[in-house]
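Working notes, structure below.
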Amino acid sequence: MNSGSQQNVSGFIIQGFSDTPELQTSLFVLILGIYLIILLGNLIVFLVISCNPHLHTPMYIFLLNLSLIDISSTSNIFPNLLHILLTQQNNISFLGCMTQLYVFGFLAASEFFLLTAMAYDRYVAICDPLHYIARMSRKHCAGLLTAVFTGGFVDPVAYLVLIPKLSYCASRLINHFFCDIAALLKLSCSSTFSVELLNYLVGTLLGFSSFLLILTSYIFIISAILKIQSSEGRQKAFSTCASHLACVIILYVTFLCVYMRPTTSYSLKRDKYFSLLYIALGPVLNPLIYTLKNREFQSSFNKVRQRFLAFLF
């Protein structure tokens, strides 16, 4: 950032949903309810898996980490949004904005990488079950998780280098409910080509590469399932993948709708609601998708609940 813009932009103003004042109270209640559902659902998943050693298998360890990502990603945005809706105090420092942007990118990238690792786990479980224990040992599982979060940590670093170099106009009003890249680029007086190019490269590399790996895994998985002779065996094998496949579809559809478009086609007022859907839909549905028909998890949940009630009474 040049020296003039550095002095002028010490912070931003998050507009949030102040352009629709008649909806402020309704949005506060709605978002608070969604946030509490996300916390409750994902904390239950985290606690049940943590408290039951027989669930300490790769599939459930990955699910535990997915719950942590969902809690963290919404906690990065929703508490500040609720504060803005309640108090109308919508200032955020430049450092605070960059921190929120980085954490958002880190967790989003980590979720893509984690779903890819989960696809590999399902591939090994169905296509090479005899070597599953060896190929998905505790050591290998820890290695995959390290790669997932290392990739997520590195992914948004370039944004922290390029975005502060932009020159900003007189307006400091971010027409969004958090420090989103597209909304920040709208405030820039200088060329945003390098950031937009980075956005497409990262989005394409991250989204396409992980999608390609997931797609390849499922081609082999479906091929292996079709070779199973009994319909009951095919149904059982597919049911172990259905939850993961549903989460992948939800993530990719919402991600493509919100972010994989040129900034000239953005309507920030409309896209705020799409972004809200992208941020909230996965964390709300993931615990339900993975646990609703999972008898093993439900049995463990009942044991944890009984222990908790016995402790209270």
Side-chain angles (χ1 to χ4, degrees), residues 1-2 4-24 27-28 30-32 34-35 72-108 156-200 202-203 254-255 257-280:
M1 185 184 295
N2 61 44
S5 63
Q6 178 81 37
Q7 293 170 1
N8 291 333
V9 182
S10 57
F12 298 101
I13 299 170
I14 305 288
Q15 180 168 332
F17 297 96
S18 59
D19 53 337
T20 53
E22 70 279 4
L23 296 177
Q24 296 288 292
L27 283 169
F28 177 82
L30 175 65
I31 292 168
L32 178 61
I34 290 171
Y35 184 49
S72 302
S73 61
T74 50
S75 296
N76 179 45
I77 293 169
F78 281 173
N80 189 54
L81 174 56
L82 290 168
H83 175 74
I84 291 171
L85 288 170
L86 187 64
T87 66
Q88 306 304 312
Q89 296 178 6
N90 51 3
N91 290 300
I92 187 169
S93 67
F94 189 86
L95 178 60
C97 186
M98 292 299 102
T99 301
Q100 189 180 58
L101 186 149
Y102 175 80
V103 171
F104 177 77
F106 160 59
L107 294 169
V157 169
Y159 291 108
L160 296 185
V161 176
L162 292 178
I163 290 179
K165 292 180 179 179
L166 297 175
S167 299
Y168 293 93
C169 303
S171 174
R172 298 185 299 123
L173 184 66
I174 296 177
N175 189 7
H176 216 295
F177 57 84
F178 74 105
C179 285
D180 184 60
I181 292 173
L184 278 171
L185 295 185
K186 289 283 187 181
L187 299 182
S188 176
C189 298
S190 56
S191 171
T192 60
F193 174 77
S194 59
V195 183
E196 288 191 58
L197 179 62
L198 174 67
N199 213 26
Y200 270 96
V202 169
T254 52
F255 175 79
C257 288
V258 176
Y259 290 107
M260 291 308 290
R261 291 176 289 128
T263 55
T264 52
S265 69
Y266 276 78
S267 168
L268 289 175
K269 184 174 180 178
R270 181 194 63 209
D271 286 352
K272 280 190 281 190
Y273 293 96
F274 280 114
S275 294
L276 190 61
L277 186 69
Y278 167 70
I279 292 165

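Keep in mind it's a predicted model, so treat the numbers as computed, not measured.
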Next item on the list: Quick one: pull up CD1 in I163 and OG1 in T192 and give me the separation to the nearest 0.5 Å.
Entry: 10.5 Å
Notebook entry, point to check: Are Y159 and L101 close enough, and set up right, to give a side-chain contact (heavy atoms from CB on, under 4.5 Å), and what steps lead you there?
Noted result: CA-CA 9 Å; Y159 291 108; L101 186 149; 4.1 Å; yes
Notebook entry, point to check: Shortest non-hydrogen contact from A158 to L198?
Noted result: CB-CD2, 3.6 Å
Notebook entry, point to check: Quick one: CG on L187 to CG on N175, what's the gap to the nearest 0.5 Å?
Noted result: 9.0 Å
Margin query: Could you report the tightest heavy-atom contact between I279 and T74, atom names first, then the distance?
Written below: O-CG2, 3.8 Å
Next item on the list: Report the residue from L82, L32, L85, L81 that forms a side-chain contact (heavy atoms from CB on, under 4.5 Å) with L27.
Entry: L85
Check: So how far is it from N199 CG to L162 CG, rounded to the nearest 0.5 Å?
Finding: 10.5 Å
Item checked: Closest non-hydrogen atom pair, S167 against S188 -> O-OG, 3.1 Å
Margin query: Any heavy-atom pair between the side chains of L184 and M98 that's under 4.5 Å?
Written below: yes
Next item on the list: Determine which pairs satisfy side-chain hydrogen bond (donor to acceptor under 3.5 Å, both in side chains) with at least one residue from residues 88-102, sequence neighbours left out, and list them in order.
Entry: Q24-Q88
Check: Looking at residues at least two apart in the chain, or sitting in another chain, which of them share a side-chain hydrogen bond (donor to acceptor under 3.5 Å, both in side chains) with S18?
Finding: none
Item checked: Distance, nearest 0.5 Å, that separates OG of S191 from CG of L185 -> 10.0 Å
Margin query: Run the side-chain contact (heavy atoms from CB on, under 4.5 Å) test on F106 and V157 for me, step by step, so that the C-alpha distance in whole Å, both residues' side-chain angles and the decisive distance to 0.1 Å come before the verdict.
Written below: CA-CA 9 Å; F106 160 59; V157 169; over 6 Å; no
Margin query: A side-chain contact here means heavy atoms from C-beta on lying under 4.5 Å apart; do I14 and H176 qualify?
Written below: no
Check: If you measure only the distance, is there a donor-acceptor pair under 3.5 Å linking the side chains of S75 and Y35?
Finding: yes
Item checked: Closest heavy-atom pair and its distance - I34, A280 -> CG2-CB, 3.8 Å
Note to self: For a quick test of reading the model, state the closest non-hydrogen atom pair linking G105 to P156 and the distance between them.
What the structure shows: C-CG, 3.9 Å
Next item on the list: To the nearest 0.5 angstrom, please state how far the CZ atom of F177 sits from the CD1 atom of I77.
Entry: 6.0 Å
Notebook entry, point to check: Relative to each other, are the rings of Y278 and F255 parallel, tilted or perpendicular (30° and 60° limits)?
Noted result: tilted
Check: Parallel, tilted or perpendicular for F178 and F104, by the 30°/60° rule?
Finding: tilted
Check: Aromatic ring centroids of F17 and Y273 under 6.0 Å?
Finding: yes
Check: Taking atom OG1 of T87 and atom CZ of F28, what is their separation to the nearest 0.5 Å?
Finding: 9.5 Å
Check: Does C97 reach the side chain of I174, with side-chain heavy atoms less than 4.5 Å apart?
Finding: yes
Notebook entry, point to check: When you measure from the side chain of K272 to the backbone N and O of G16, does any donor-acceptor pair fall under 3.5 Å?
Noted result: yes
